[in-house]
**Student:** 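Before I ask anything, let me first share the structure, which is written out below as structure tokens.
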Amino acid sequence: MIFINEKCRINVLKRDEGTDFLELLKSRILHEGRIEGTDVVKVDSFLNHQMDVGLLNEIGKEFKSRFLDQPVTKILTIEASGIGIACITAQYFHVPVVFAKKAESRNLDREVYESKVFSYTKGKEYIIKVSKRYLGPEDHVLIIDDFLANGQAISGLKDIVTQAGAHLVGVGIVIEKSFQNGGKAIREAGIQLESLAIIKSIENNKIIFKEVGRENNEKIIKD
Ligand code: 5GP
């Protein structure tokens, strides 16, 4: 059930006994998501700008349950949107979060792993960097991010895991857009990919979720 907290002017999520969290997540995407162009979904009210910490907490628990048996030692993400999700998830794994930096920084160590990433939403290429201090061959890495589109961000992070000689345990994504090809490539590479909501298509300003054996999830998105 979604509760609207009028005082705080935010939607807060509380989990009742038996409430299906994945249905709640999809409902938030449907009701609060805004479509930009033909293929970008903005969920700034709960994930990418204002953050619903209750919802992030449930996301963290869900990722923990999906990678329960894995010996994760680090969670790796990319700044900025991945950081909040990764931090809350990390509390369930009791491991540190390392985030790849996009911005040039004088504070960053000289010894870094780096990789090129083409930003789908910004339409430009940038270099991501991770200090060699914080990732090494002893690590079992779980990559977490908010969205998966063409897989460029994940591919850059995966490249950094490889450079570090670390083991990639899997990838956890909050919203995958399966009409773009990132998910297919990751699955075909034999990597465990766990996407909590999968958008199959966007048609006439409607978000259509991939069927997961539940009722019809199609709903009109209002601007
Ligand atoms: P990819 O690298 O898989 O092409 O794109 C994933 C990255 O681009 C994510 O880190 C995310 O920040 C951003 N992104 C891609 N598609 C969307 C979208 O529809 N909405 C939002 N908010 N971000 C997106």
Side-chain angles (χ1 to χ4, degrees), residues 11 25-52 55-56 59 63 75-89 97-103 114-130 141-162 168 170-189 191-210 217 219 221-223:
N11 298 329
L25 176 63
K26 285 198 279 187
S27 169
R28 295 293 293 267
I29 298 166
L30 287 173
H31 290 99
E32 297 173 48
R34 286 180 296 120
I35 297 168
E36 229 173 61
T38 53
D39 52 11
V40 170
V41 181
K42 297 201 77 175
V43 284
D44 286 357
S45 63
F46 62 91
L47 196 65
N48 289 135
H49 194 20
Q50 173 170 272
M51 292 193 280
D52 181 337
L55 181 80
L56 294 191
I59 288 169
F63 283 139
I75 291 185
L76 179 65
T77 189
I78 190 163
E79 69 177 347
S81 301
I83 297 176
I85 304 160
C87 285
I88 291 197
T89 302
V97 171
V98 178
F99 66 90
K101 298 202 180 202
K102 289 178 185 168
E114 49 179 62
S115 191
K116 274 187 196 157
V117 170
F118 180 79
S119 168
Y120 171 70
T121 45
K122 295 193 178 74
K124 64 173 189 185
E125 194 174 72
Y126 57 91
I127 293 174
I128 56 169
K129 296 181 182 178
V130 169
V141 180
L142 172 61
I143 294 176
I144 296 283
D145 204 6
D146 56 346
F147 273 87
L148 174 61
N150 294 312
Q152 291 280 312
I154 298 303
S155 164
L157 292 172
K158 188 170 157 278
D159 182 26
I160 282 177
V161 172
T162 305
L168 179 62
V171 177
I173 296 289
V174 181
I175 305 171
E176 174 184 341
K177 295 181 293 181
S178 66
F179 56 88
Q180 292 169 303
N181 56 19
K184 189 167 179 276
I186 296 168
R187 290 186 182 95
E188 280 177 2
I191 296 164
Q192 184 182 352
L193 169 62
E194 298 291 342
S195 301
L196 305 189
I198 302 181
I199 297 175
K200 188 172 75 173
S201 59
I202 298 173
E203 293 163 24
N204 304 320
N205 224 31
K206 289 179 188 173
I207 286 181
I208 319 279
F209 287 106
K210 188 174 174 189
N217 293 311
K219 193 148 183 181
I221 292 284
K222 295 188 191 90
D223 279 328

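Start at 1 and go down the list; that is how both ligands and their atoms are numbered.
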**Student:** Excluding sequence neighbours, so at least two apart, what forms side chain to side chain donor-acceptor pair (under 3.5 Å) with Ser178?
**Tutor:**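 By the side chain to side chain donor-acceptor pair (under 3.5 Å) rule, Ser178 matches no residue at all.
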**Student:** Going by the rule salt bridge (Lys or Arg N to Asp or Glu O under 4.0 Å), which residues pair with Asp44 if we only count those two or more places apart in sequence or in a different chain?
**Tutor:**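 So Asp44 forms a salt bridge (Lys or Arg N to Asp or Glu O under 4.0 Å) with Lys42.
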**Student:** Asp39: which residues meet the side chain to side chain donor-acceptor pair (under 3.5 Å) condition with it, sequence neighbours left out?
**Tutor:**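 Only Tyr120 meet the side chain to side chain donor-acceptor pair (under 3.5 Å) criterion with Asp39.
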**Student:** Return yes if some donor-acceptor pair links the side-chain N/O of Gln152 with the main-chain N/O of Phe118 below 3.5 Å, else return no.
**Tutor:**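 At least one qualifying donor-acceptor pair exists.
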**Student:** In a check of side-chain contact (heavy atoms from CB on, under 4.5 Å) between Leu148 and each of Leu193, Val174, Ile175, Asn181, which one passes?
**Tutor:**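 That would be Leu193.
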**Student:** Applying the side-chain contact (heavy atoms from CB on, under 4.5 Å) test to Ile143, which of Ile191, Leu168, Thr77 qualifies?
**Tutor:**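 The single option meeting the side-chain contact (heavy atoms from CB on, under 4.5 Å) with Ile143 is Leu168.
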**Student:** Hey, which residues fall under 4.0 Å of ligand 1 on heavy atoms?
**Tutor:**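 Ligand 1 is contacted, at a heavy-atom distance under 4.0 Å, by Asp39, Val40, Val41, Asn48, Tyr120, Thr121, Asp145, Asp146, Phe147, Leu148, Ala149, Asn150, Gly151, Gln152, Ala153, Lys177.
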